[in-house]
Amino acid sequence: MFINVWFIKKFIPLSLFIWLGVILLGSCEPDLREVDRIANMKKGEAVDISYGVTLTYSDSAVVKAVMTSPEMRVLHDSTQNYEFPKGVLIVFYDEAGKESHRIVSDYAIQREKEKTTTFRKNVVVTAINGDIVKTEELIYDENSDTFYNHTLITAYSKNDNLQGSSFTSDGNFKNINIENATALYHVQSGTAFPNFGN
């Protein structure tokens, strides 16, 4: 009888400990796609990966822009590039702290040496007044504070739609120059075409 009591006192806590360990280990199943992706990285490639990134750009304690991205990669090679393979959203603010415009894209890369940021795939620039610019690539040059591209661009406003082969703009999207532009203009009066000479 003494042996049975001793066995029960030792066996039950031990079996509970083993079952708890099995349950905990079973709940720590890794994301196999993420493991495969990391395992297939090039040897010697030093990359820092951050998830759920929010970066705030400010000048003299005044917020100029806030960028959010699901994933950011910092490449620690000779380029020192920042890559956003799952896209970005950047909201720009004016001097009063109000939103002036925003940029969204499915992919972006910031090249530290060249001081450029390239947005690619479904790039949309939306101004606070409702004007929209759509393109597949947009480049920001930090040295000259300009945006430009060399691919088809479409711009929408309240009164017209423009298409062009490329464009340039200042950093605030206030002075936009569209090359080889064609437009569809919506006439506001009741006539189908404006009367010239009257």
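Looking only at distances, a side-chain donor or acceptor of N149 sits under 3.5 Å from a matching main-chain atom of E137.
By the 4.5 Å side-chain criterion applied to Ile, Leu, Val, Met, Phe, Trp and Tyr, V104 is assigned to a cluster that also includes V63, V66, L89, V91, Y93, V124, I132, Y156.
In this view, D59 and K64 satisfy the side-chain contact (heavy atoms from CB on, under 4.5 Å) rule, not counting sequence neighbours. With sequence neighbours excluded, the residues that form a side-chain contact (heavy atoms from CB on, under 4.5 Å) with S144 are D141, T146.
Rounding to the nearest 0.5 Å places NZ of K121 at 15.5 Å from CG of L138. Expressed to the nearest 0.5 Å, how far CG of N122 lies from CD of E136 amounts to 5.0 Å. How far CD1 of I109 is from OG1 of T118: 7.5 Å, rounded to the nearest 0.5 Å. Separation of atoms CZ (R102) and OG1 (T126) is listed at 7.5 Å; rounding is to 0.5 Å. Atom CG in D106 sits 12.5 Å away from atom NZ in K86 (nearest 0.5 Å).
Side chain to side chain, T151 and T135 meet the donor-acceptor criterion of an N or O pair below 3.5 Å. For the 3.5 Å distance criterion, the side chains of T117 and R111 fail to qualify, holding no donor opposite an acceptor. Side-chain contact, D94 with S100: no donor N or O sits under 3.5 Å from an acceptor N or O.
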For this session: Any chance you could lay out the side chain to side chain contact (heavy atoms under 4.5 Å, CB included) test for I128 and H101, step after step, and finish with the verdict?
Result: CA-CA 5 Å; I128 197 64; H101 58 283; over 6 Å; no
Exercise. So T116 and E142, side chain to side chain contact (heavy atoms under 4.5 Å, CB included) or not? Walk me through it.
Worked result: CA-CA 6 Å; T116 62; E142 186 177 334; over 6 Å; no
For this session: Check the pair K115, K113 against side chain to side chain contact (heavy atoms under 4.5 Å, CB included), reporting the backbone distance first and the verdict last.
Result: CA-CA 6 Å; K115 299 293 183 191; K113 284 187 177 180; over 6 Å; no
Problem set entry | Verdict with reasoning, S105 to Y107, per side chain to side chain contact (heavy atoms under 4.5 Å, CB included) | CA-CA 6 Å; S105 68; Y107 173 87; 5.6 Å; no
Exercise. Can you check side-chain hydrogen bond (donor to acceptor under 3.5 Å, both in side chains) on Q110 and Y140, steps first, answer last?
Worked result: CA-CA 9 Å; Q110 182 180 15; Y140 173 69; over 6 Å; no
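Of all the heavy atoms in G87 and P70, the pair that sits closest is O-CD, 3.5 Å. Of all heavy-atom pairs spanning M72 and V53, the tightest one is CB-CG2, 3.7 Å.
Side-chain contact between F147 and I103 is present, with heavy atoms from C-beta onward closer than 4.5 Å. Looking only at side-chain heavy atoms (C-beta outward), P85 and R73 come within less than 4.5 Å of each other. The closest side-chain heavy-atom distance from F84 to M67 is below 4.5 Å.
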